Amino acid sequence: MTSLTERNEIKRYKEHKKKIKQMKRILIIGTVLMCVCLVVINIFYQINRTYKGYKVIKSTERSDSNSVRYISYGENFLKYSKDGATGFRANGEILWSGSYEMKNPLAVTCDSFAAVADIGGRDVYIYNGSDTGTYMKMDSPIEQISVARQGVFAVVLKKNGEANINIYDPYNVAEQLKVSISTSTDNDGFPVAIALSKDGQKLVTSYINVQKGVLESSLNFYNFDSVGKNSVDRIVGSRPLEQQVVVDIDFLTNNTICAYTKDGFQLYYMQETPRDVAVIEIKNSIKSVSRNSKYIAVLTEETDNVEVPYKLHVYDTKGKEILQKEITYMYDSVEMGDKEVILYSNREAHIIRLNGKEKFNCQLASSASYFFAITGTDKYLLIDGDSLKQIRLTGKEVQD
């Protein structure tokens, strides 16, 4: 039988042990909370940090001329000129290359496919991302071109003052011409913009016409799948635009369409037939537009404010404005990254996050011809007159 003294000792020991456990628990919770706080602070710092410099990770000498044009191409890049086109990675590795002779080449891309057409001429080359190109010759001068992700492409062909919209599969030797849409300038007007969906099954065209001195414009939506089978000329929808002209059209995704006018843009959703999503009217004059699959960036000229020459507006694919920011500096070009907007001029570059915070503000060490985000990385591709530079942003001065 334990004595009273022993029982008290046991009780005090248990209470002491309990306090130690409580202190350990508090210490563990406190440590975890401190780590979480540090992580949150670091994340907040990173998403709001402004980088003032960059470091060149890799530099590849340019062997082409300044007349060569560069565009982003899926996760890679494409350069083209009057005598050929080349697909390459950001590190300079060549993916494919093809030669041709064109007077006025225009390149368009979709995923790993690229099409180069001689505008005003008759030549088209389709590249699948690994070959030297598949050649097709049109029977009339080419006005416009759009390509899908299987290499199927649509062209506007001009003949005797009229226009045909043809869709080709360059890899189906037995039947390359898939669709031919005849248009009449008296009835339909002239097609000024076209866009082919990524799967090649849908087409949107913009027509303009002048009736009794009044400019008329419309959008036609075509479906070449089973849904459009019973529709006249495969037209599953049309939209009159009342004196507005759609000057360009994009399939942002396979079903999301953006039609651009000089005063804004219109969004449609078309899984099978078109549905109106939003009409965005912009008051001031539009200087530049860039987009990706999720966002549309519009730069407007602010003529009434000398200190703020431009304003940046970013919209999502529902038409909601998610960012409006005053731009106090001059720029020449704009590129849309994943969740950021790149503005750059000859010797200066800025990157703006979609939360409105400036990510990058830097005087460049060389004259920039192009500035692209490298998809899926924290790096960028800076192209000047001499080289292609793969760079990483830093908080320090430029390390060229």
Side-chain angles (χ1 to χ4, degrees), residues 144 146 154 156 165 183 188-198 201-211 213-223 227-228 231 233-304 310-327 334-336 339 341 352 354 356:
Q144 300 166 56
S146 181
V156 176
I165 303 171
T183 66
D188 305 307
F190 194 87
V192 294
I194 62 170
L196 191 62
S197 63
K198 295 181 183 299
Q201 295 296 321
K202 292 168 282 193
L203 177 76
V204 183
T205 64
S206 167
Y207 294 91
I208 58 169
N209 202 355
V210 178
Q211 295 288 344
V214 178
L215 181 67
E216 295 181 349
S217 182
S218 64
L219 286 175
N220 278 359
F221 300 82
Y222 299 84
N223 189 313
V227 175
S231 301
D233 294 330
R234 297 277 186 159
I235 298 174
V236 294
S238 185
R239 299 290 188 276
L241 299 178
E242 299 180 357
Q243 300 186 18
Q244 290 191 60
V245 177
V246 169
V247 295
D248 198 11
I249 309 170
D250 278 322
F251 271 89
L252 304 181
T253 67
N254 194 57
N255 298 321
T256 303
I257 301 157
C258 189
Y260 308 92
T261 70
K262 69 180 182 65
D263 300 317
F265 60 90
Q266 299 157 16
L267 290 165
Y268 302 92
Y269 185 82
M270 183 182 175
Q271 186 167 357
E272 295 177 342
T273 60
R275 172 172 59 84
D276 297 3
V277 175
V279 176
I280 306 300
E281 295 181 353
I282 295 174
K283 180 179 68 174
N284 290 352
S285 177
I286 297 174
K287 174 180 169 64
S288 307
V289 177
S290 188
R291 86 292 180 274
N292 60 23
S293 62
K294 297 178 180 179
Y295 305 104
I296 303 105
V298 179
L299 275 296
T300 58
E301 296 178 335
E302 304 296 302
T303 54
D304 57 346
Y310 309 110
K311 188 171 286 186
L312 170 64
H313 309 259
V314 179
Y315 301 85
D316 65 16
T317 55
K318 302 296 184 184
K320 180 183 178 181
E321 186 177 47
I322 62 169
L323 173 64
Q324 185 178 128
K325 182 177 178 64
E326 294 180 340
I327 304 299
V334 57
E335 294 288 340
M336 191 82 206
K339 293 182 179 181
V341 181
I352 300 167
L354 295 188

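Since we're looking at a predicted model, the values are computed, not measured.
Note that OH of Tyr268 is 12.5 Å distant from CZ of Arg275, once rounded to the nearest 0.5 Å. Glu326 contributes atom CD, which lies 14.5 Å from atom OH of Tyr310 (distance to the nearest 0.5 angstrom). Summarising the geometry, atom CD1 belonging to Ile249 is positioned 8.5 Å from atom CD1 belonging to Ile257; distances are rounded to the nearest 0.5 Å. Here Ile165 contributes atom CD1 and Ile194 contributes atom CD1; the two are 6.5 Å apart, rounded to the nearest 0.5 Å. Atom CD of Glu321 sits about 8.0 Å away from atom CD1 of Ile280, to the nearest 0.5 Å. Expressed to the nearest 0.5 Å, how far NZ of Lys294 lies from OG1 of Thr253 amounts to 11.5 Å.
By the 4.5 Å heavy-atom criterion applied to side chains, Thr273 and Asn223 are not counted as neighbours. Taking 4.5 Å as the limit, some side-chain heavy atom of Val236 sits within range of a side-chain heavy atom of Met270.
At least one donor-acceptor pair under 3.5 Å links the side chain of Lys325 to the backbone N or O of Gly356. In this structure a side-chain-to-backbone donor-acceptor pair under 3.5 Å is present from Asn254 to Lys198. Proximity of a side-chain donor or acceptor of Ser238 to a complementary backbone N or O of Leu219 within less than 3.5 Å is detected. Glu301 places no side-chain N or O within 3.5 Å of a backbone atom of Asn284 that could act as its donor or acceptor partner. Gln144 places a side-chain N or O within 3.5 Å of a backbone atom of Pro191 that can act as its donor or acceptor partner. Here the side chain of Ser218 pairs no donor or acceptor atom with the backbone of Arg239 at under 3.5 angstrom. Between the side chain of Ser206 and the backbone N or O of Val192 there is no donor-acceptor pair closer than 3.5 Å.
Residues Tyr207 and Gly189 share a closest heavy-atom pair of CD2-O, 3.8 Å. Ala297 and Leu312 make their closest contact through CB-CD1, 4.2 Å (heavy atoms, listed as atom of the first residue, atom of the second, distance). When all heavy atoms are compared, the tightest approach of Val245 to Ser217 is CA-OG, 3.8 Å. Ala154 and Leu196 get closest at one heavy-atom pair: N-CD2, 3.9 Å. Closest approach of Ala278 and Gly319 over heavy atoms only: CB-CA, 3.9 Å. Nearest heavy-atom pair, Ile296 versus Asp316, reported as atom, atom and distance to 0.1 Å: CD1-O, 4.0 Å.
Remark: the Thr300 side chain and the Glu302 side chain contain an N/O donor-acceptor pair separated by less than 3.5 Å. A donor atom on one side chain and an acceptor atom on the other are not found under 3.5 Å apart for Thr205 and Asn220. Using modelled atom types, one finds no donor on one side chain facing an acceptor on the other under 3.5 Å when comparing Tyr222 with Asp233.
Within 6.0 Å of NZ in Lys339 there are 12 or fewer heavy atoms belonging to other residues, nucleotides or ligands.
Ionic pairing of Asp250 and Arg291 is present here: one or more N-O contacts between side-chain nitrogen and carboxylate oxygen are shorter than 4.0 angstrom.
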Pair Lys320-Tyr315, side-chain contact (heavy atoms from CB on, under 4.5 Å): steps then yes or no: CA-CA 5 Å; Lys320 180 183 178 181; Tyr315 301 85; over 6 Å; no
Candidate pair Leu252 and Thr317, rule side-chain contact (heavy atoms from CB on, under 4.5 Å), full reasoning: CA-CA 8 Å; Leu252 304 181; Thr317 55; 4.0 Å; yes
Full working for side-chain contact (heavy atoms from CB on, under 4.5 Å) between Lys262 and Val247: CA-CA 7 Å; Lys262 69 180 182 65; Val247 295; 5.8 Å; no
Test log, rule salt bridge (Lys or Arg N to Asp or Glu O under 4.0 Å), inputs Lys283 and Asp263: CA-CA 7 Å; Lys283 180 179 68 174; Asp263 300 317; over 6 Å; no
Step-by-step side-chain contact (heavy atoms from CB on, under 4.5 Å) determination, Val341 to Val314: CA-CA 9 Å; Val341 181; Val314 179; 4.1 Å; yes
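Tyr260 and Phe265 have tilted rings, their planes meeting at an angle from 30° to 60° on a 0 to 90° scale.
Residue Val227 is tested with Glu272, Gln271, Lys202 for a side chain to side chain contact (heavy atoms under 4.5 Å, CB included); the sole match is Glu272.
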